[in-house]
Protein chains: 2
Amino acid sequence: MAKNAVPEEQRRRRRPTKQGTVLTHDLIVDTALRMLREHGAQGFTARRLGLALGADASALYRYFAGLDELTRAIADELMHRAMTGWTPGGEWRADLRDLGLRIHAAYLAHPQAAVLAASRVSGRAHEIAADEAILGVLRDAGFPDPAAVRVYHAFVDQALAFAALDAASLALPVEAREADEAVWQATYARLPAETHPNIAATARLLSARMNASAYPAALDLLLAAAAAERGAGEGPAQA
Amino acid sequence: MAKNAVPEEQRRRRRPTKQGTVLTHDLIVDTALRMLREHGAQGFTARRLGLALGADASALYRYFAGLDELTRAIADELMHRAMTGWTPGGEWRADLRDLGLRIHAAYLAHPQAAVLAASRVSGRAHEIAADEAILGVLRDAGFPDPAAVRVYHAFVDQALAFAALDAASLALPVEAREADEAVWQATYARLPAETHPNIAATARLLSARMNASAYPAALDLLLAAAAAERGAGEGPAQA
DNA sequence: ACCCTTACGTCAACGCGGTTGACGTTTGTC
DNA sequence: GACAAACGTCAACCGCGTTGACGTAAGGGT
């Protein structure tokens, strides 16, 4: 654990790095996201990040107590990107569907960061804003509090779970993905019908489906169930 | 990448280690699982594994080309444990529900391994057996091939996604979990009603729900949707 | 204008990680 | 009894996160 916690708000003295860059929380987070995108999870190391910033790796510790805290900041930035520009439209199902797809997309745009971030509570501004928005949509739609919390919980877990899983395969280093693909072709695609009739019969369909995400369908299921629950406690279901 | 791929089947010469143990693929995998369970993800290192086996870390490379391949083997062992003792009961919904919960439980029993394994295609015997079984249940129940593949895909993705997410929070090192909990208490539980009315109003409900898994509910939703799809194409839905 | 506190970038080092190549010992085969 | 193959061990390489000491520049107080 680093000793140097971060005062977090006001920084006064700014000294440029040897190569001229001026460090900032935002600059570090943005650069980390770019490196994750371009070089995969193996691009997310303190030393490489320092190199990309034109600074020594140890300079990062003046801004974040460690990679763990930097990861939280990245998670929050992803949530920020997912939420910017969103406004509630007044129809809770459409609103939630929109939010779910936004979160999923934001995480998939940075798969490596998503894997790191999905299971953490960042507790930062944008994550809180997203939670507040989701709960607001549900409560404004007339869900009683316990039901709203149930749906909220399922909704968030599902979005993060699928984001993490879908992202995980994108996040793997290239060699690992190629290895997995090769393993699949070498085994599943060649299983004899005598021992594995079901796989053999559907091999072509299976292979075509391999890289699609099941999230949109799962999201619709969840919203349908929520609508039923609301309808049951509140009068006829809507839309 | 290691040069020494593994002949994989017949090994002849066996030499005990300095401390007497005789290495085996199975022994290595079992020991790795035990260490993951007892010491968390930070227990899963080649050196510690070697130490626990009473062997030099480099001895592992005679059995697995690298940690990547060892991870595949662990994933397959988890699937093995999930499937042992399972037999189809003839009612597809009950069968799939049982399988889903088994897979979820097997992964959660070794959270650290689950996180590593969920996104990989192991291509080994037990993973293939599970896939064959799932497809078999669906096709025997009368699902036409494209529908069977759709449901199979959603089912597997969902089980792995929730297993990975639920496992991820268990898999975090203790300090990280405590940090997340502290962050939650320090922020969410104290948000004023003026700025975050929805979170403030439901804070107690939210906190109580924090550590429950949403998987069983999500699984039931998926099965209901599958039943509807089958019913639509095949006559009336059953059970 | 001066100092002097304080922020913060840099350097060198520590311990640990995966992985490899050379080396030596055991084992089964002929 | 010789030989080849299997395989455990050793030493080393390089990269990782992190830390503590050190230098240096920016601002505020006087």
Side-chain angles (χ1 to χ4, degrees), chain A residues 1-25 27-28 31-32 35-36 39-72 112 116 173 175-176, chain B residues 1-25 27-28 31-32 35-36 39-72 112 116 173 175-176:
Chain A
M1 270 301 120
K3 232 184 265 174
N4 325 327
V6 186
E8 181 68 74
E9 282 82 20
Q10 83 284 32
R11 314 195 143 261
R12 286 174 245 168
R13 335 283 171 117
R14 290 291 168 75
R15 185 155 47 123
T17 196
K18 262 200 166 169
Q19 314 190 9
T21 24
V22 174
L23 297 180
T24 315
H25 283 88
L27 179 61
I28 294 173
T31 309
M35 297 196 66
L36 280 165
H39 306 294
Q42 71 265 34
F44 184 64
T45 76
R47 286 170 137 93
R48 283 160 110 95
L49 188 48
L51 202 68
L53 286 163
D56 189 275
S58 58
L60 300 176
Y61 289 81
R62 304 272 179 213
Y63 295 85
F64 300 95
L67 285 200
D68 189 84
E69 206 191 288
L70 177 52
T71 302
R72 274 187 164 79
Q112 347 277 348
L116 297 178
E175 321 92 45
Chain B
M1 268 302 117
K3 233 185 267 178
N4 325 323
V6 185
E8 181 68 72
E9 280 85 18
Q10 83 282 28
R11 314 195 143 262
R12 289 177 240 167
R13 335 284 170 119
R14 290 291 166 75
R15 186 161 40 129
T17 196
K18 261 198 167 173
Q19 315 189 10
T21 25
V22 174
L23 297 179
T24 317
H25 283 87
L27 178 62
I28 294 173
T31 308
M35 298 195 65
L36 280 166
H39 305 295
Q42 70 264 34
F44 184 64
T45 75
R47 286 172 139 95
R48 282 159 112 95
L49 190 48
L51 202 69
L53 286 162
D56 189 275
S58 58
L60 299 176
Y61 290 80
R62 303 272 179 214
Y63 295 84
F64 300 94
L67 285 200
D68 189 84
E69 204 190 290
L70 177 52
T71 302
R72 276 188 164 80
Q112 346 277 348
L116 297 177
E175 323 92 47

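Atoms considered below: every heavy atom in the structure, side chains included; atoms not considered: hydrogens, waters and symmetry mates.
- Partners of A/S58 according to the side-chain hydrogen bond (donor to acceptor under 3.5 Å, both in side chains) rule, which considers only residues two or more places apart in sequence or in another chain, are A/D56.
- Summarising the geometry, the separation between CZ on B/F64 and P on C/dG18 is reported as 15 Å, rounded to the nearest angstrom.
- Straight-line distance from the OH atom of B/Y61 to the P atom of D/dC10: 17 Å, rounded to whole Å.
- Legend: residues meeting side chain to side chain contact (heavy atoms under 4.5 Å, CB included) with B/T31, ordered by chain and number and at least two apart, are B/L27, B/R34, B/M35, B/L49, B/A52, B/L53.
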Using nucleotides 21-24 of chain D, report all nitrogen or oxygen pairs with the protein that are shorter than 3.5 Å.
unit_1 : atom_1 : unit_2 : atom_2 : d
D/dG23 : N2     : A/R15  : NH2    : 2.3

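- Atom CD1 in B/I28 sits about 12 Å away from atom C1' in D/dG8, given to the nearest Å.
- Whole-Å rounding puts the B/L67 CG to C/dG17 C1' distance at 9 Å.
- Atom-to-atom, CG of B/D56 to P of C/dG18 comes out at 12 Å; the value is rounded to the nearest Å.
- When rounded to the nearest whole Å, the span between CG of A/L27 and P of C/dC8 equals 14 Å.
- Residue pairs that meet the side-chain hydrogen bond (donor to acceptor under 3.5 Å, both in side chains) test with at least one member in residues 43-55 of chain A, sequence neighbours left out, do not exist here.
- Contacts between residues 45-55 of chain A and DNA chain C, defined by a heavy-atom separation under 4.0 Å, are made by A/R47, A/A55.
- One finds no side-chain N or O of A/Y63 lying less than 4.0 angstrom from the OP1 or OP2 phosphate oxygen of C/dA7.
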